[in-house]
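Below: one structure, written as structure tokens.
Atoms within a ligand are numbered from 1 in the order they appear, just like the ligands themselves.
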Amino acid sequence: MRTILIVGNWKMNKTASEATAFMRGLLARVPAQPANLELVVAPPFTALESVRLALGASSPIQLGAQDLFWEDHGAYTGEVSAPMLKDLGCRYVIVGHSERRTLFGEQGDLIQKKIRAALKHGLRPILCIGETLAQRDNGTTDHVLTQQVHDGLSGLATEALATITIAYEPVWAIGTGRASTGENANAVVKDVIRPALAALYGDQTAQAVRVLYGGSVTGANAAEFFAQPDIDGALVGGASLKVEEFLAI
Ligand code: PGA
């Protein structure tokens, strides 16, 4: 049984003080955690510490980061490493988000280096993959997703897959208000993403990996995705920034 995972990706939103206020509001309202659900918030690096303090020692919500660099330390101006994130209490880290791929040119082996750095330090990577509108229209979705799975995850120890999550985020659905449908997203996960994983690590491992859906998830459509047999939760952007909306999800 794969546990449902809901991750709030704040992107470049909320100062450290805004994050504290938001977390107070959220924690006051978040219900006692049902057994089969994990909740994660992924604030910007600058708000990790204030969110950590707000969460305290025994919170039902876990901390995640939005990115990392693959070296542990050194002359890499502006970068943040896995040991730094771990020390701040992060358990998860998002890798290869489409905004990083598009705006910052991240791809292929660079993304795998980040995955490996996260694994080496006991962080759980959430690998984002997804096709653009152009790729969908020219019929290359299956090829693109298979390649992204391969680039991100090939050659790892099979045991590592137990701590890896994939987020299927069609680029055309991110921040557009045009979510995929539960049925379509489930078909992509079942017919493309799990087979791509199975080709690398066998069917049993492929069936055990959690695959989230992301792209314009809201309180109104979340249930449709969670009802799908091959979708194990959501990566939520815009709707994770408001307490009411995040709680609704
Ligand atoms: P969105 O973003 O929910 O605002 O579409 C999702 C994401 O980019 O992870």
Self-check item: Residue that, paired with Val7, satisfies side-chain contact (heavy atoms from CB on, under 4.5 Å) out of Val41, Val236, Leu39, Leu235
Solution: Leu235
Self-check item: Phe22 vs Leu241 side-chain heavy atoms within contact, under 4.5 Å
Solution: no
Quiz item: Listing by chain and number, which residues have a heavy atom under 4.0 Å from ligand 1?
Solution: Asn9, Lys11, His97, Glu169, Ala173, Ile174, Gly175, Gly215, Ser216, Leu235, Val236, Gly237, Gly238
Quiz prompt | Salt-bridge present (Glu106, Arg100; N to O < 4.0 Å) | solution = yes
Quiz item: Does some side-chain heavy atom of Thr146 sit less than 4.5 Å from a side-chain heavy atom of His150?
Solution: no
Quiz item: Would Glu71 and Lys113 pass as an ion pair if we require N to O under 4.0 Å?
Solution: no
Quiz item: What residues form a side chain to side chain contact (heavy atoms under 4.5 Å, CB included) with Arg2, not counting sequence neighbours?
Solution: Arg194, Gln207, Arg210, Asp230, Asp232
